[in-house]
Amino acid sequence: MANTVTAPASPAQPQTELRATGTLEIKDSRTSKSYPVQILEGGVEGDTAVRAMDLRQIKTAPEEFGLMTYDPAFMNTASCKSAITFIDGDKGILRYRGFPIEQLAESATFLEVAWLLRNGELPTQQEYDGWVHDITYHTYVHENIKRFLEGFRYDAHPMAMLCSSVAALSSFYPEAKNIKDPAQRYISTIRLLAKMPTLAAFIYRHGKGLPFIYPDNDLGYIQNFLSMVARMSEPQYQANPVFVRALEVLFILHADHEQNCSTSAVRAVGSSEVDPFSALAAGVAALYGPLHGGANEAVLRMIEEIGHPKNVPGFIDSVKGGKGGQRLMGFGHRVYKSYDPRARIVKQLADEVFKQVGMDKDLEIALKLEEVALSDVYFVSRKLYPNVDFYTGLIYRSMAFPTDFFTVLFGVARTAGWLAQWEEMLNDKEQKIARPRQIYVGYGERDYESRLKEKFPKSGKDGRKK
Ligand code: ACO
């Protein structure tokens with residue numbers, strides 16, 4: 001009975017209610033009416049907000065819809081309360097459930113962090129053993145998933161394959177749609193954490209034209225992943241311990257990052273009460289983009305294009321000139337405006353890995369880029385600093401992962417955060433289906449007058465227009 005799960009854990013729900021901390025007086029110049037709006041405060045870090053719905057009462061006539069907030073790209077909108085991850089972008093602080101990322105990266109395991117993110121507390125030994133056991137015994141995927149992956153072209157982008165295969169998993173577990181049942185949510189969480197590395201490794205092997213390697217349940221999470229990626233004919237794969245540690249740390253750093261693009265996608269899609277496999281496929285799609293998780297791949301491509309440290313100043317000038325909409329990939333962040341604490345850890349990690357495997361030829365270009373950008377007023381004045389993805393690609397490449405596979409590694413790690421955020425969203429009584437408003441700026445009503453001469457073009461047998 002190796003693959004039955006233990007009793008479902010009931011995730012802690014420390015979401016506190018928001019406290020009224022003051023009043024915002026809003027005066028509408030159109031009507032001269034004043035509206036007191038409550039200022040709300042949450043948690044211990046003192047985030048404050050007003051409820052957007054409190055503005056709806058502001059109108060010039062009773063039949064009007066009322067005032068909305070306009071916030072493209074959610075630059076200043078909190079879409080939820082969350083007790084999972086705290087970021088102070090100005091101070092460069094990142095904590096999971098209160099624990100500093102530096103401490104977790106130094107001492108925790110990825111699965112311990114995955115438990116912490118979902119459940120709110122560090123696991124006891126017994127909880128951890130059960131969690132690791134359940135995940136270990138759900139790593140296999142249905143044989144049809146193998147055939148599904150084999151249907152892709154040899155050069156299919158690994159993220160396209162990951163996105164589709166995660167979505168495809170939903171068809172193998174129809175019971176996962178019972179998202180109101182905590183036991184179903186738990187087993188789906190286990191399955192996703194367990195099968196993501198298997199999917200990722202199978203995708204890697206498909207790209208290389210190598211046979212798939214089945215999971216080895218005697219190995220740890222990271223070792224097993226590396227075994228499925230790299231094992232050839234040896235009876236048991238022995239991963240390089242430096243790589244195991246590096247991947248463990250990188251997975252911890254990437255495990256969650258509050259309401260980023262892909263997590264918001266998971267929450268938004270999950271709010272329709274679809275199954276978690278489908279919701280996470282949306283997260284993978286969002287992560288694929290070069291402005292999000294795809295940045296680690298884009299950094300390496302940029303470095304390859306630069307080619308030599310002597311070309312760095314010219315490249316920086318072209319970025320500043322906005323030539324072809326070029327950006328310095330791996331630089332800048334919506335939230336971090338002093339530094340990305342993950343980037344600091346990754347840079348240190350890169351040093352350790354390169355000590356073992358030798359200096360990466362492109363590290364020199366990366367170091368030069370960093371040096372030039374950090375002393376350039378364009379970057380300094382815009383508070384653009386290296387983000388987590390600036391150095392991760394170099395580490396992944398030194399481990400012989402192909403460039404287009406980097407974001408898949410990010411996705412395997414972020415699965416922990418997506419699942420924790422999805423669980424929190426479902427347990428939050430205030431959440432409903434995500435459905436933003438718009439400010440309509442199109443035509444007013446007008447009458448239909450067709451501009452077509454022929455509405456239903458006649459087609460020949462071959463489907464071509466005659
Ligand atoms: N290179 C050059 N200029 C930049 C960069 C960059 N990497 N990032 C921002 N800028 C400039 C913008 O052109 C803009 O300048 P302006 O005020 O003269 O118009 C200013 O800095 C502000 O930029 P925004 O685009 O408004 O910043 P935003 O918060 O929307 O974007 C983002 C954040 C998407 C991360 C951006 O910095 C970027 O594109 N970086 C490169 C891609 C990247 O590394 N993404 C990974 C992010 S980390 C992650 O997802 C894991």
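Here, residue 1 is the first one in the sequence, and each next residue gets the next number. Start at 1 and go down the list; that is how both ligands and their atoms are numbered.
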Within the 3.5 Å criterion, strictly below it, is a donor on Gln421 or Asp256 matched to an acceptor on the partner's side chain?
yes
With nothing but distance in play, are any N or O atoms of Leu291 less than 3.5 Å from an N or O of ligand 1? yes
In this structure, atom 3 (N) of ligand 1 is nearest to the protein heavy atom Tyr378 OH, 3.0 Å
Looking only at protein heavy atoms, what sits closest to atom 1 (N) of ligand 1 is Leu328 N, 2.9 Å
Q. If you measure only the distance, is there a donor-acceptor pair under 3.5 Å linking the side chains of Thr109 and Tyr128?
A. yes
Separation between CD (Glu297) and CG (Asp404), nearest 0.5 Å, reads 5.5 Å
I'd like to check whether Met329 has a polar contact with ligand 1, where a contact means an N/O of the residue lying under 3.5 Å from an N/O of the ligand.
no
Would Val284 and Met196 count as a side chain to side chain contact (heavy atoms under 4.5 Å, CB included) if you check the C-alpha gap in whole Å, the side-chain angles of each, and the deciding distance to 0.1 Å?
-> CA-CA 11 Å; Val284 176; Met196 272 287 190; 4.3 Å; yes
Counting only nitrogen or oxygen atoms and a 3.5 angstrom limit, does Phe410 reach ligand 1?
no
Below 4.0 angstrom, counting only protein heavy atoms, does anything approach atom 19 (O) of ligand 1? no
For Gly330, the ligand 1 atoms with a heavy-atom partner under 4.0 Å come out as 43 (C), 44 (O)
| request: Taking atom 40 (N) of ligand 1 as the reference point, report whether a protein heavy atom occurs under 4.0 Å from it. | output: yes
So CG of Asn224 and CZ of Arg231: to nearest 0.5 Å the spacing works out to 10.0 Å
So, for atom 26 (O) of ligand 1, does the protein have a heavy atom nearer than 4.0 Å? no
Review point. Got Tyr391 and Leu349 here, is their nearest side-chain heavy-atom distance under 4.5 Å?
Key: no
- Query: Based purely on interatomic distance, does Phe331 place a nitrogen or oxygen under 3.5 Å from a nitrogen or oxygen of ligand 1?
  - Reply: yes
- prompt: Do Gln431 and Ser271 come within less than 4.5 Å of each other through their side chains, counting heavy atoms only?
  reply: no
Checking Asp216 against Ser227: is there a side-chain donor and acceptor pair closer than 3.5 Å? no
If you scan protein heavy atoms around atom 46 (C) of ligand 1, the nearest is Ala295 CB, 3.4 Å
Looking only at protein heavy atoms, what sits closest to atom 16 (P) of ligand 1 is Arg382 NE, 3.6 Å
protein heavy-atom neighbour closest to atom 48 (S) of ligand 1 works out as His333 CD2, 3.6 Å
Heavy-atom closest pair (Phe251 atom, Leu409 atom, distance to 0.1 Å) is CE1-O, 3.7 Å
In ligand 1, the atoms that come under 4.0 Å of a heavy atom of Val319 are 1 (N), 2 (C)
query = Under 3.5 Å, is there a donor-acceptor pair linking the side chains of Ser82 and Glu424?
reply = yes
Closest to atom 8 (N) of ligand 1 by heavy-atom distance, out of Leu384, Thr407, Asn296, Val388, is Leu384
- Are the side chains of Tyr186 and Asp134 in touch, meaning some heavy atoms are under 4.5 Å apart? yes
In this structure, atom 50 (O) of ligand 1 is nearest to the protein heavy atom His292 ND1, 3.0 Å
For atom 22 (C) of ligand 1, is the nearest protein heavy atom closer than 4.0 Å? no
The answer for which part of Arg334 has a heavy atom under 4.0 Å from ligand 1 is both
| said: Check this for me - ligand 1, Asp389, N or O atoms closer than 3.5 angstrom, yes or no? | reply: no
Exam field: side chain Thr198 to backbone Tyr140, donor-acceptor pair closer than 3.5 Å
no
The closest protein heavy-atom partner of atom 47 (C) of ligand 1 is Asn387 ND2, 3.6 Å
Among non-hydrogen protein atoms, atom 13 (O) of ligand 1 lies closest to Arg327 NH2, 3.4 Å
Looking only at heavy atoms, the pair that brings Leu116 and Tyr96 closest together is CD2-O, 3.9 Å
